[in-house]
> 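Quick one: the structure is below, questions incoming.
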Amino acid sequence: MKKLLAPSILAGNHANLKTALDIAEGDGRQWIHLDIMDGHFVPNLSFGPQTVADLRKESELFFDVHLMLDNPHLYIDAFNQAGADLITIHIEPSYDHSESIKHIKSLGKKVGIALNPATPVEDIYEIITHHSIDLVLCMTVVPGFGGQSFIHDVLNKVKELTALREKSSNQFLIEVDGGVGPTHVQPCLDAGVDVFVAGTAYYKGSDAERREFAQSVGEKS
Ligand code: DX5
Ligand code: ZN
């Protein structure tokens, strides 16, 4: 499985998010992680489809869009239109997860399913058994804010998912998201992580530190 560092643009300067895109592109990144927050599913608001659409015009990066919404099914078309390449929806809110996964795939986009730290892998057994999904996002913080501390216990879930994937035709990528920094890379790689989302640890560093962080993940700059 390829290994990637996906900078989380939430940690950028929201008065000029293009700068955060440019840093990631200049650094040789392939993905950018965009956190969409509704103030209901998470106690914070971030940005919407118009922002994503405007950023889309500025970049060729792979847009990894993380919908932290109570009703993500109502916004799939909007973020598809805006130019998302991968749309990740959470398992916790009650909506028709299967229908939403099918809809995202019907639009030709990649689909991810996300688990909050307290949500067990069992909660997505059905999904990963019946659908070919592209990514499982394991939140390593309680979602809503950047700059929180990494919850190491989540790596037990990553190991469970890695074992599940070995027995499955469903070769989904495993992503960790929240509080990820250079010191977490090796334990995450050992557990089977493929995609590392990093906001604070990525954007607060120098260019050299960013490159080092990306190289430690195994992504060539
Ligand atoms: C938190 C978001 C994360 C966050 C990562 O709710 O899903 O993507 O922006 O940022 P850091 O790396 O600063 O925790
Ligand atoms: Zn995220």
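Position 1 is the first residue of the sequence, and the numbers go up from there. Just so you know, ligand 1 is whichever comes first in the structure, and atom 1 is the first atom listed for that ligand.
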> Relative to the ring of H66, is the ring of H90 parallel (under 30°), tilted (30 to 60°) or perpendicular (over 60°)?
parallel
> To which protein heavy atom is atom 2 (C) of ligand 1 closest, and what is the distance rounded to 0.1 Å?
D35 OD2, 3.3 Å
> Would you mind listing which atoms of ligand 1 come within a distance below 4.0 Å of any non-hydrogen atom of L10?
9 (O)
> With a 4.0 Å heavy-atom cut-off (strictly under), which part of A11 contacts ligand 1: side chain, backbone, both or neither?
neither
> Any chance you could measure I23, atom CD1, to R210, atom CZ, to the nearest 0.5 Å?
5.0 Å
> Under 4.0 Å from any heavy atom of M37, which atoms of ligand 1 are there?
6 (O)
> List ligand 1 atoms under 4.0 Å from G178, heavy atoms only on the residue side.
14 (O)
> Within the 4.0 Å heavy-atom shell around T200, which atoms of ligand 1 are there?
11 (P), 12 (O), 13 (O)
> Counting non-hydrogen protein atoms only, what is the nearest one to atom 8 (O) of ligand 1? Give residue, atom name and distance.
D177 OD1, 2.5 Å
> Just to be sure I read this right, does ligand 1 sit under 4.0 Å from the backbone of Y202, its side chain, both, or neither, counting only heavy atoms?
neither
> Distance-only, no hydrogens or angles: does the D27 side chain make a donor-acceptor pair with backbone N or O of R29 under 3.5 Å?
no
> With the threshold set at 4.0 Å, does a side-chain nitrogen-carboxylate oxygen contact exist between D194 and R165?
yes
> Provide the number and element of each atom of ligand 1 under 4.0 Å from a heavy atom of V197.
8 (O)
> Of all the non-hydrogen atoms in the protein, which one sits nearest to atom 1 (C) of ligand 1, and at what distance?
F145 O, 3.7 Å
> Is the H97-H73 ring centre distance short of 6.0 angstrom?
no
> Near M68, which atoms of ligand 1 are under 4.0 Å from a heavy atom of that residue?
6 (O), 7 (O)
> Can you confirm, on distance only, whether ligand 1 has an N/O atom lying under 3.5 Å from any N/O atom belonging to G147?
yes
> Counting from 1, what ligand 1 atoms have a heavy atom of H33 closer than 4.0 Å?
8 (O)
> Give the intermediate values and the outcome of side-chain contact (heavy atoms from CB on, under 4.5 Å) for residues L34 and L55.
CA-CA 10 Å; L34 298 109; L55 290 168; 3.8 Å; yes
> Could K102 and D96 be called an ion pair, given the rule that one side-chain N must be under 4.0 Å from one carboxylate O?
no
> Nearest non-hydrogen atom to atom 14 (O) of ligand 1 belongs to which of G199, G181, G179?
G179
> List ligand 1 atoms under 4.0 Å from A198, heavy atoms only on the residue side.
12 (O)
> Can you pull out the closest protein heavy atom to atom 6 (O) of ligand 1? Residue, atom name and distance to 0.1 Å, please.
G144 N, 2.7 Å
> Show your reasoning for whether side-chain contact (heavy atoms from CB on, under 4.5 Å) applies to I133 and I101.
CA-CA 8 Å; I133 54 167; I101 289 170; 4.2 Å; yes
> Could K18 and D22 be called an ion pair, given the rule that one side-chain N must be under 4.0 Å from one carboxylate O?
yes
> Just to the nearest 10 degrees, tell me the angle at the Zn ion (ligand 2) spanned by D177 OD2 and D35 OD1.
180°
